[in-house]
Amino acid sequence: MKEWKGRMDQATATILREAIHSREPVDGLTHGLYRYPARFSPGFARAVIEAFTEPGDVVLDPFVGGGTTLVEARALGRLGVGVDINALSAFLLRAKTTLLSAQDVHELRSWGERTLVALNLRRPARRATTWMALGYQTNLTGRTTWPSRKLIELALDSIRLLANARQQRLARAVLLKTAQWALDCRAEIPSARAFRKQLLVHLHEVLAGALAFRGAALRADREVEPRGVPRTLFLQRSVEGIENEPRLTPYLPPRLVLTSPPYPGVHVLYHRWQVQGRRETPAPFWIADALDGNGPSYYTFGDRKRPGLAPYFARAAQAFTSLARIAGPQTLVVQLVAFAEPSWQLPAYLGVMQDAGFREATYSSLANARDGRVWRGVPNRKWYARTRGESSASNEVVLFHRLAQ
Ligand SMILES: C[S@@+](CC[C@H](N)C(=O)[O-])C[C@H]1O[C@@H](n2cnc3c(N)ncnc32)[C@H](O)[C@@H]1O
């Protein structure tokens, strides 16, 4: 099928190129609330949304993960729709788009002060017996890990006393961020004292981000006519079959689909933390008060060890067929995709897109490779992929598609 040559003005191309290749850390607004695996940079999301949509347009991210697209969409006055099967993603989305009142901020600051006193390992903690029985404290009961587990239990106890759901959610998010900092991919678990100190640092960071987000969202809201639907919608479900989803109807067709799907053959743990090497824990779900789905293949489009990644490409085909059914002639699909072995996986991936009803667009003003596409190196490779001798994908490509007419 003949590809489609896109055009854009010089200024837009320069901004997009810079955003695609930027090495800036993920930061600003509420983006720093959690290190969601394989999240893309807010600068990339912002540049793509500004380049291809107008205020009031709908931006859909069908694999929304940590919610980068929706935070940026809201701050830029676009309607944002996010879909993800991960319950952690649902929690993060809500926390990142919460509009706190001045009273909430005040209450959360004094919660921080009170919690510092309460996080004393000599105090008895209410054990999370149901979560324990369900295995959510796996690998948190060892000689070096139990203090962190107990600090989490003590902090969760204090969160229950906060006045409303917004405050409780933000406090949980602060605890989640601190527990991730203390446990995930770390050789040495920090002391109780360091944990307490970091919790307070994170509380102030999260509140500053939440206030910045509130300011940006309210400014943007004033400039865009309300459409009688929520400005941000999150659906916890699979994108497969999304064409039959009634909650989505008022938002269709989206102007932009901006996303990064699970990557072919690339090892990413969306639903676990790795404690002291390879030991995995589902504790983030316990802290977020959310239930986990299934094993890793649930989150990554199937078993990546099967020859030719057959399950992966079958699931991707279903997902993109569904997306084609809700797209319109004006919908642009922009994806950032990493490949373990681009030489055969990229053509297979493009085949899936074509069979689903899309045709590729390339922009010569963005291209940096002989194939006419724009590739970027991936910063911060995950060490666990290296230690397992697996690829963590060294290259990502930005793909543009529209419906084939
Ligand atoms: C690469 S991550 C997205 C990261 C996101 N761009 C961000 O900035 O945080 C891919 C996401 O796809 C989700 N996912 C996997 N299979 C899915 C499916 N069938 N439907 C919807 N989401 C799915 C995973 O849970 C994961 O959060």
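Residue numbers run from 1 in the order of the sequence given. Values below: every heavy atom of this structure, side chains too, minus hydrogens, waters and symmetry copies. Counting convention: from 1, in listed order, for ligands and their atoms alike.
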Exercise. Using a cut-off of 6.0 Å, state whether more than 12 heavy atoms not belonging to Arg160 lie near its atom CZ.
Key: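 Atom CZ in Arg160 is packed in, count exceeds 12.
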
Self-check item: Crowding at CZ, Arg17 (>12 non-hydrogen neighbours, <6.0 Å)
Solution: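 Counting neighbours around CZ of Arg17, more than 12 heavy atoms of other residues, nucleotides or ligands fall under 6.0 Å, so yes.
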
Can you find an N or O of [X] that's nearer than 3.5 Å to an N or O of ligand 1?
{"X": "Tyr263", "answer": "no"}
{"X": "Thr300", "answer": "no"}
{"X": "Pro261", "answer": "no"}
{"X": "Glu240", "answer": "yes"}
{"X": "Thr68", "answer": "yes"}
{"X": "Asp61", "answer": "no"}
{"X": "Phe301", "answer": "no"}

With a cutoff of 4.0 Å, is [X] in contact with ligand 1, counting heavy atoms of the residue only?
{"X": "Pro262", "result": "yes"}
{"X": "Val64", "result": "yes"}
{"X": "His271", "result": "no"}
{"X": "Ser89", "result": "no"}

Can you report which non-hydrogen protein atom sits closest to [atom], along with the distance?
{"atom": "atom 9 (O) of ligand 1", "value": "Gly66 N, 2.8 Å"}
{"atom": "atom 18 (C) of ligand 1", "value": "Ser238 OG, 3.8 Å"}
{"atom": "atom 15 (C) of ligand 1", "value": "Tyr299 O, 3.1 Å"}
{"atom": "atom 16 (N) of ligand 1", "value": "Ile85 CD1, 3.4 Å"}
{"atom": "atom 20 (N) of ligand 1", "value": "Val239 N, 3.0 Å"}
{"atom": "atom 12 (O) of ligand 1", "value": "Phe63 CB, 3.4 Å"}
{"atom": "atom 6 (N) of ligand 1", "value": "Ser260 OG, 3.2 Å"}
{"atom": "atom 24 (C) of ligand 1", "value": "Asp84 OD1, 3.5 Å"}

Self-check item: Sidechain N-carboxylate O distance under 4.0 Å for Arg219, Glu223
Solution: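 The answer is no: the pair does not qualify as a salt bridge.
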
Practice problem: Please determine if Arg272 and Asp184 form a salt bridge, counting it only when a charged side-chain N lies under 4.0 Å from a carboxylate O. | Solution: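 Salt bridge: no.
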
Show the atoms of ligand 1 that are less than 4.0 angstrom away from any heavy atom in [X].
{"X": "Asn86", "result": "25 (O)"}
{"X": "Ala38", "result": "1 (C), 4 (C)"}
{"X": "Tyr36", "result": "9 (O), 25 (O), 26 (C), 27 (O)"}
{"X": "Arg315", "result": "19 (N)"}
{"X": "Pro62", "result": "21 (C), 22 (N)"}
{"X": "Arg39", "result": "7 (C), 8 (O), 9 (O)"}

Quiz item: Taking heavy atoms and a distance under 4.0 Å, where does Ala45 meet ligand 1: side chain, backbone, both or neither?
Solution: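 For Ala45, there is no contact with ligand 1 at all, from either part.
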
Quiz prompt | Part of Phe40 with heavy atoms under 4.0 Å of ligand 1, whether side chain, backbone, both or neither | solution =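 Both backbone and side chain.
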
Closest heavy-atom contact between [X] and [Y]?
{"X": "Thr68", "Y": "Ala45", "value": "CG2-CB, 4.3 Å"}
{"X": "Ala163", "Y": "Gln167", "value": "N-OE1, 3.3 Å"}
{"X": "Tyr298", "Y": "Arg315", "value": "O-NH2, 4.3 Å"}
{"X": "Leu256", "Y": "Ile49", "value": "CD2-CA, 3.9 Å"}
{"X": "Pro261", "Y": "Leu336", "value": "CD-O, 3.9 Å"}

Quiz prompt | Side chains of Arg39 and Tyr34 in contact at under 4.5 Å (non-hydrogen atoms) | solution =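 No; the side chains remain at least 4.5 Å from each other.
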
Quiz item: Side-chain contact, heavy-atom cut-off 4.5 Å: Leu88 with His271?
Solution: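 Contact flag for Leu88/His271 side chains = no.
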
Practice problem: Test Phe63 against every option in Phe301, Tyr263, Tyr299, Tyr36 by the ring-ring contact (aromatic ring centres under 6.0 Å, His included) rule and name the one that passes. | Solution: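 So the option named by the test is Phe301.
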
Quiz prompt | Rounded distance (nearest 0.5 Å) linking atom CE of Met8 with atom CD1 of Ile15 | solution =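 With rounding to 0.5 Å, CE (Met8) is 10.5 Å from CD1 (Ile15).
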
Quiz prompt | Under 3.5 Å donor-acceptor, Thr281 side chain and Thr138 backbone | solution =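 It does hold such a pair.
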
Exercise. Please name the residue in the list Leu199, Leu200, Val201 that meets the side chain to side chain contact (heavy atoms under 4.5 Å, CB included) test with Leu203.
Key: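 The single option meeting the side chain to side chain contact (heavy atoms under 4.5 Å, CB included) with Leu203 is Leu200.
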
Quiz item: Between Trp131 and Tyr136, what is the ring plane arrangement, given parallel below 30°, perpendicular above 60°, and tilted in between?
Solution: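 Perpendicular, since the angle between the ring planes exceeds 60°.
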
